[in-house]
Amino acid sequence: MSDARELIAKRVADFFEAGNLGNLGIGLPTLVANYLPAAKNVMLHSENGFIGIGPNPEPGTEDKDIVNAGGMPVTIVPGGVAFDSSMSFGLARGGHVDVSVLGALEVDEKGNLANWNVPGKLVPGMGGAMDLVVGAKKVVIAMEHTQKDGSPKILNKCTLPLTAVGVVDYIVTELGVMEVTDEGIVLRELAPGVSVVDIQCKTEATLIVPETIGSMER
Amino acid sequence: MSKIKPLEEVTALFKDGQVMMIGGFLCAGTPDIFIDALIDMNIKDLTVIANDTGFPERGIGRLVVNKQIKKMIATHVGTNKETGRQMNSGEMEVDLVPQGTLAERIRAAGVGLGGILTPTGVGTLIEEGKQKLTIGGKDFLLELPLRADIALLNAWKADTSGNLVYRVAARNFNPLMAMAADLVIVAAENIVEVGELGPDEIITPGTLVDIIVSAPVKGGL
């Protein structure tokens, strides 16, 4: 794992409070599970129909009925519970998921999120993403700060088809931690060795810079 | 009266052009025995309502590869490149629905509701052509019920009267679809006598189920 992804995943894990129910999207967000301390007793929701995602199974002990939302074999922890798709998304839309962590193609200063559709390319579908962000108490975007070609992903206004409007609360990248507020995007923390100028140069939206900025490293 | 029937009695009910709901999430809880039969019979022009289109070589994806689906209503088709190809070439119509909305549209049909109001999709492409209602200052989309001619489901255990129990992530859309189709056909991995499943354990009441086909899993569970 690259240091950048590890830094992001570790910091996102800090958004969870003891006893929270969380949902981790596919890819980078899934790594957050590695940094959730057991003492916090966080339970993870799997959109395909259960609470209590456990560690990956030992080779040879995979169970066809215990898979995550990516179809990969997982385990279910003691106290885990299975349910149908209506309950699964009822939990999400109904405000019962404390923290939902997703990746993004674009985020803007109004907290709009685009992560499901690039016109002209193959459209895989939104799956559960639209529901997972409309009801979660806290929506945290975990992503690399820019596109592969270096162009910004944190914009004044999203250009891609939206997943949802005004839902993003926090953005965590390898450069820093940002909070989306009514006034705009506030820079809360910087990664080690990153300056305000560095992060602003790679961000289209104008970051609001408070007097004190924390360190992202824990 | 036992609802257990041989597979041939079920396949005689399959016809071109039917609307079919198929349970499962990326093949967990998908009744492969009926997919096999649909392929063997080459039933065409199906409208399929399901969470996803599986993989090209597994689950519902095999019906896509065999070009048996005219219209697909699903939440995510990214695990099957052939679905994307047929969607882009216009060979198959694909209607993408947010997963929570798909679940509630199926449930609405099954429980006699005229539709549901959801905040999911407000302000996105999903709201196009839909009625928007403002309730308590918040916007909701009116989403309409989805019904099918046939629901093809998978259960972990069934008793001979059709009471069903599912297992962990293989439950997903199966219990919702059991209420939303004219004919409900279940592949059961294990069949037990009436009375062996306790009333608090049963998830789908047998009264919703028309036919059970025995479909033991290799190795068993």
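Below, read A as the first sequence line, B as the second, and so on, with proteins coming before strands; counting in each chain starts at 1.
In this structure, the side chains of B:Thr101 and A:Asp131 come closer than 4.5 Å at one or more pairs of heavy atoms. Within the 4.5 Å cutoff, no side-chain heavy atoms of B:Leu26 are placed close to those of A:Asn48. Under the 4.5 Å side-chain criterion, counting only non-hydrogen atoms from C-beta, B:Arg167 is in contact with A:Asp63. Taking the side chain as every heavy atom from C-beta outward, A:Lys64 and B:Val217 approach each other to under 4.5 Å. Side-chain contact between A:Met126 and B:Ile126: present, with at least one pair of heavy atoms (C-beta onward) separated by less than 4.5 Å.
With a 6.0 Å radius and a threshold of 12 heavy atoms from other residues, nucleotides or ligands, A:Glu58 has its CD atom at or below the threshold. Surrounding NZ of B:Lys130 are more than 12 heavy atoms belonging to other residues, nucleotides or ligands, all under 6.0 Å away. Around the NZ atom of B:Lys132, the shell of radius 6.0 Å holds more than 12 heavy atoms that belong to other residues, nucleotides or ligands. By the neighbour-count criterion of 12 heavy atoms within 6.0 Å, atom CE of A:Met87 is sparsely surrounded, having that number or fewer from other residues, nucleotides or ligands. The local environment of NZ in A:Lys138 is crowded, with over 12 non-hydrogen atoms from other residues, nucleotides or ligands closer than 6.0 Å. Counting non-hydrogen atoms of other residues, nucleotides and ligands closer than 6.0 Å to CD of A:Glu17 gives a total of 12 or fewer.
Heavy atoms closer than 4.5 Å to chain A are found in both the backbone and the side chain of B:Pro98. Looking at B:Val77, the atoms closer than 4.5 Å to chain A (heavy atoms on both sides) sit in the backbone and in the side chain alike. Residue B:Leu102: no heavy atom, backbone or side chain, is found under 4.5 Å from chain A. Contact annotation for A:Asn117: only side-chain heavy atoms (C-beta onward) come within less than 4.5 Å of a heavy atom of chain B. For A:Ser46, no part sits under 4.5 Å from any heavy atom of chain B, backbone or side chain. Neither the backbone nor the side chain of B:Val94 comes within less than 4.5 Å of any heavy atom of chain A. Both the backbone and the side chain of A:Ala69 have a heavy atom closer than 4.5 Å to some heavy atom of chain B.
Residue with the most contacts toward chain B among A:Val123, A:Val81, A:Ile76: A:Val123 (heavy-atom pairs, distance under 4.5 Å). Chain A forms the most heavy-atom pairs under 4.5 Å with one residue out of B:Gly100, B:Pro175, B:Gly84, and that residue is B:Gly100. Counting heavy-atom pairs closer than 4.5 Å to chain A, the top residue among B:Ala103, B:Ala169, B:Gly78, B:Ala170 is B:Ala169. Heavy-atom pairs under 4.5 Å with chain A peak, among B:Leu176, B:Asn174, B:Thr118, B:Leu125, at B:Leu176.
For the atom pair CG of A:Leu162 and OG1 of B:Thr124, the computed distance is 7.5 Å after rounding to the nearest 0.5 Å. One finds the CZ atom of B:Arg171 at 9.0 Å from the CZ atom of A:Phe83 (value rounded to the nearest 0.5 Å). Between the CZ atom of A:Phe89 and the CZ atom of B:Arg107 there is a distance of 14.5 Å, given to the nearest 0.5 Å. The distance from the OH atom of B:Tyr166 to the CG atom of A:Asp65 is 13.0 Å, given to the nearest 0.5 Å. Note that the CZ atom of B:Phe25 and the CG atom of A:Asn68 stand 8.5 Å from one another [nearest 0.5 Å].
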### Residues B:Glu104, A:Ser86; criterion side-chain hydrogen bond (donor to acceptor under 3.5 Å, both in side chains); working and verdict
CA-CA 6 Å; B:Glu104 292 309 312; A:Ser86 172; 2.6 Å; yes
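Listed here is the closest heavy atom pair of B:Leu96 and A:Pro124: CD2-O, 4.4 Å.
Side-chain contact, B:Asn172 with A:Ser85: no donor N or O sits under 3.5 Å from an acceptor N or O.
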